[in-house]
Amino acid sequence: MSSLDRQRNIGIIAHIDAGKTTVTERILFYAGKEHKMGEVHYGSARMDYMEEEQERGITITSAATTFLWEGYKLNLIDTPGHVDFTAEVERSLRVLDGAVVVFDGVAGVEAQSETVWHQADRYDVPRIIFINKLDRVGADPERVLGMIHDLLTPGAVPVQFPIGVEGDFRGVVDLIDRKAYLFDEESLGKEVVTEEIPSDLVEEVEEARLILVERAAEQDEALTDKFLMGEELTREEILGGVRAGTLSRSITPVFMGSALRNKGVQPLLDGVLRYLPSPMDVGAITGIDPKTEKEVSRQPDPKEPLCALAFKTITDKHGDLTFVRIYSGTLKQGDQFFNPRVQKVERANRILLMHANDRVRIPNAVAGDIVVLVGLRFTATGDTICPKHSQVVLEKMEFPETVISMAIEPKSTADRDKLLESLTRMAKDDPTFTSRQDEDTGQIIISGMGELHLEVLEHQLLREYKVEANVGKPRVAYRQTISRSAIGLAEFDHDAGGRHQYAKVKLRVNHSLSEKRVRFSSAVEAGKIHKQFLPAIEIGVKSAAEGGVGFGFPVVQLDVVLVDAEQHDTDSSETAFEAAANLAMREAFERVGAVMLEPVMKIEIRTPENFLGEVIGDLNARRAEVTGVEIRGEQRIIHGKAPLANMFGYTSALRSATQGRATYSMEPLTSAPVPPDVAAKYTF
């Protein structure tokens, strides 16, 4: 078995408060990476190293570590569970080979559980499931499994059976080996005691095992025949079938336990080795040769040309950190490499292995590794690095649009440069954070994914960057589009920059649901205008779309086609065509009028039954639409959607209405036209 076969690159993903950081802390303790268990509720979790994380008791940024288990090397990333930091999950899943999805044994599938699950679907990441918190009152693994089948995948199959639940939860039965595993409390679960299956569970265990064996047999024709003939499958055949099903994503093995009570974590780790893929299982990565536009592939082999993806950056006083996943080749300290996006050569001055915020310097990294490079000047999230003589560009990452903004102003002129520099560095580290200057007011507007996201960004500015600034209240990040096609025709014919400038542009502007932002293309026949003017026209279109037309908000869902253009032999320039395109965009919007859009959020509220009427009444007053109410014991789960503008401060309102006994989660769902009375407050 090669070293790559004995490697796993995994992530821990879940809804907030499902217990994934506690799972990670127990993994590090049992693997010997940490000699003391960190606890989220005490602010001592090793992987939640940021001051903000320790104060709030939540994960904000993904943290990476490397450790050994049973002779295997594991690179692990603990990701946030709060929807405001979903980009951290997105970019982690982009480079991971497998994932452990943690579910709360009481709450089951929650809003962000679905989000991270679908993110993993998008990147074809094989998964195993850990149903956590089975020691809590109300824990019901059978109900949680039913929710997973109904909402996420019918392929979830238990490989374990719980021994008791709630206060009686003691351990698990391995369905393949038919052994009971109990976890010694005096050794904090480090000692795993193997026993025979409790007699009162034998019948249920055999029923569950039969289902597992049948699913394993379905993965191979020979095994299917053997199973149908009534022959017993061997342990190796069952393991092989489950592994094959996991890699093809037709099976998702389900493990059980209680990380906080130190039960079930070691078998989960064994499951990572048994079922999740190695870099060799994942195989070649494909990309595009930027010179020929042809597809190329790179095998997970240290001898292949270097191919790696930068998936995260962190600004650091000792040199900025760039997290990279190496897919092929070898990178040694001091090696140079090429970044095709910016056409720049960079150097790997230092290569680090990370353990949260601790760093270990290493001399080289090879295919399959996840490492950090220090001091890169040009490389950003989503960039591919490769040799200049053997270039490849991997598929870029897409991040959601921001939904909430607030104004920020430096307290003095001296603070302004420091503020702008800090915002630039923060935007490099966080692809869901943007900043811009409002053309009308001159204010600096920062935007993010939610109130918590903006709050954390604000604290980062004040604490880490020590910027003296006044911060306004959060407000909705409105967008705009048009409802139907329009033609924009503009001629720029002026003296500017000491010379006469001329350009004429005709644009066809279409509303397009398939485009997230603004797509530009040209339908002008070759030779009508010089090629070098096309990029200038695109710049003019997109600068107008950033807030220079209609209501003054950024434009989305737009397909812009250049249908005609005219140039002058001596008086035309890039500047003239950029200005003409900007004016043509304005005319198109004036002809048909802009449609103002607001972010609509998917909401999920958990409340005791006696507060249900009051909660729904308050939602109706907020222009929310309730799409369903689910009964889970004494709790009622309200599903719905609501405009973000009406959900500010909802946490306090919900606590007040339910005596602090209700909780809710919210995530972006779609954009929708705002009511006329809201749009009337904004003018063209």
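Since the model is a prediction, treat every value here as computed from it, not as a measurement.
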Problem - Glu114 (side chain) donor-acceptor with Ala111 (main chain) under 3.5 angstrom - result: no
Handout entry: Rounded distance [0.5 Å steps], OG1 in Thr86 versus CD1 in Ile13
Key = 10.0 Å
Practice task
To the nearest 0.5 angstrom, please state how far the OG atom of Ser671 sits from the CG atom of Leu597.
Solution key: 5.5 Å
Practice task
Please say whether the positively charged group of Arg325, taken as NZ for Lys or CZ for Arg, lies over the ring of Tyr327, i.e. under 6.0 angstrom from the six-membered ring centre and within 45 degrees of the axis.
Solution key: yes
Exercise for the section: State whether the side chain of Lys418 and the backbone N or O of Asp415 hold a donor-acceptor pair below 3.5 Å, judged by distance alone. Expected result: no
Exercise for the section: Would you mind reporting whether Tyr664 and Glu604 have side-chain heavy atoms less than 4.5 Å apart? Expected result: no
Fill in the blank from the handout: Heavy-atom nearest pair, Pro80 first then Ser62, reads CD-N, 4.0 Å
Problem - Distance (rounded to the nearest 0.5 Å) between Phe551 CZ and Arg479 CZ - result: 14.5 Å
Handout entry: Pair Arg425 + Glu464, salt bridge at N-O below 4.0 Å
Key = no
Handout entry: Heavy-atom donor-acceptor pair, Arg94 side chain to Glu395 backbone, under 3.5 Å
Key = yes
Handout entry: Ring centroid separation His500 to Tyr502 under 6.0 Å
Key = no
Practice task
Please answer whether the main-chain N or O of Leu489 pairs with a side-chain N or O of Glu587 as donor and acceptor at a distance below 3.5 Å.
Solution key: yes
Problem - Gap separating the CG atom of Asp571 from the NE2 atom of His494, nearest 0.5 angstrom - result: 13.0 Å
Exercise for the section: Compare all side-chain heavy atoms of Phe577 with those of Gln567 and state whether any distance is below 4.5 angstrom. Expected result: yes
Handout entry: Sidechain-backbone polar pair: Arg591 side chain, Ile487 backbone, donor-acceptor under 3.5 Å
Key = yes
Practice task
With Val595 as reference, evaluate Thr481, Ile482, Val674 under the side chain to side chain contact (heavy atoms under 4.5 Å, CB included) test and give the passing residue.
Solution key: Thr481
Exercise for the section: Kindly determine whether Val371 and Ile326 satisfy side-chain contact (heavy atoms from CB on, under 4.5 Å), including the steps that lead there. Expected result: CA-CA 8 Å; Val371 296; Ile326 300 179; 4.2 Å; yes
Completion exercise
CD1 (Ile370) and CG (Leu96) are apart, to the nearest 0.5 Å, by 5.0 Å
Completion exercise
For Ala545 and Met585, the nearest pair of non-hydrogen atoms, with its separation, is CB-CE, 4.3 Å
Problem - Carboxylate-amine/guanidinium proximity below 4.0 Å for Glu546 and Lys542 - result: no
Practice task
Answer yes or no: is there a side-chain heavy-atom contact under 4.5 Å between Tyr123 and Glu90?
Solution key: yes
Exercise for the section: With rounding to the nearest 0.5 Å, note down the distance linking CD1 in Ile446 to CG in Leu419. Expected result: 8.5 Å
Exercise for the section: Determine yes or no for a side-chain-to-main-chain donor-acceptor pair under 3.5 angstrom, with Gln480 supplying the side chain and Phe553 the backbone. Expected result: yes
Handout entry: Donor-acceptor contact below 3.5 Å, side chain Asn510 vs main chain Ser512
Key = no
Problem - Close side-chain approach of Asn339 and Thr384, heavy atoms under 4.5 Å - result: no
Practice task
May I ask you to test the Val560-Leu507 pair for a side-chain heavy-atom distance under 4.5 Å?
Solution key: yes
Exercise for the section: Give a yes or no on whether the backbone of His639 and the side-chain of Thr627 come within a donor-acceptor separation of less than 3.5 Å. Expected result: yes
Exercise for the section: Output yes when Lys528 and Asp564 qualify as a salt bridge under the 4.0 Å nitrogen-oxygen rule, no when they do not. Expected result: yes
Practice task
Please examine the side chains of Ser522 and Glu538, heavy atoms only from C-beta on, and report whether any two atoms are closer than 4.5 Å.
Solution key: no
Exercise for the section: Report yes if some heavy atom in the side chain of Val296 is under 4.5 Å from a heavy atom in the side chain of Thr286; otherwise report no. Expected result: no
Exercise for the section: Using modelled atom types only, decide if a donor and an acceptor are shared between the side chain of His511 and the backbone of Arg484 within a distance under 3.5 Å. Expected result: no
Exercise for the section: Without swapping roles, check the side chain of Arg347 against the backbone of Gln336 for a donor-acceptor pair under 3.5 Å. Expected result: no
Practice task
Could you tell me whether Glu88 and Lys312 make a salt bridge, using a distance below 4.0 angstrom between a side-chain N and a carboxylate O?
Solution key: yes
Completion exercise
From the list Lys428, Arg341, Lys344, Glu346, side chain to side chain donor-acceptor pair (under 3.5 Å) partner of Thr379 resolves to Glu346
Handout entry: Derivation and outcome, side-chain contact (heavy atoms from CB on, under 4.5 Å), residues Met601 and Leu669
Key = CA-CA 5 Å; Met601 313 300 285; Leu669 178 64; 5.8 Å; no
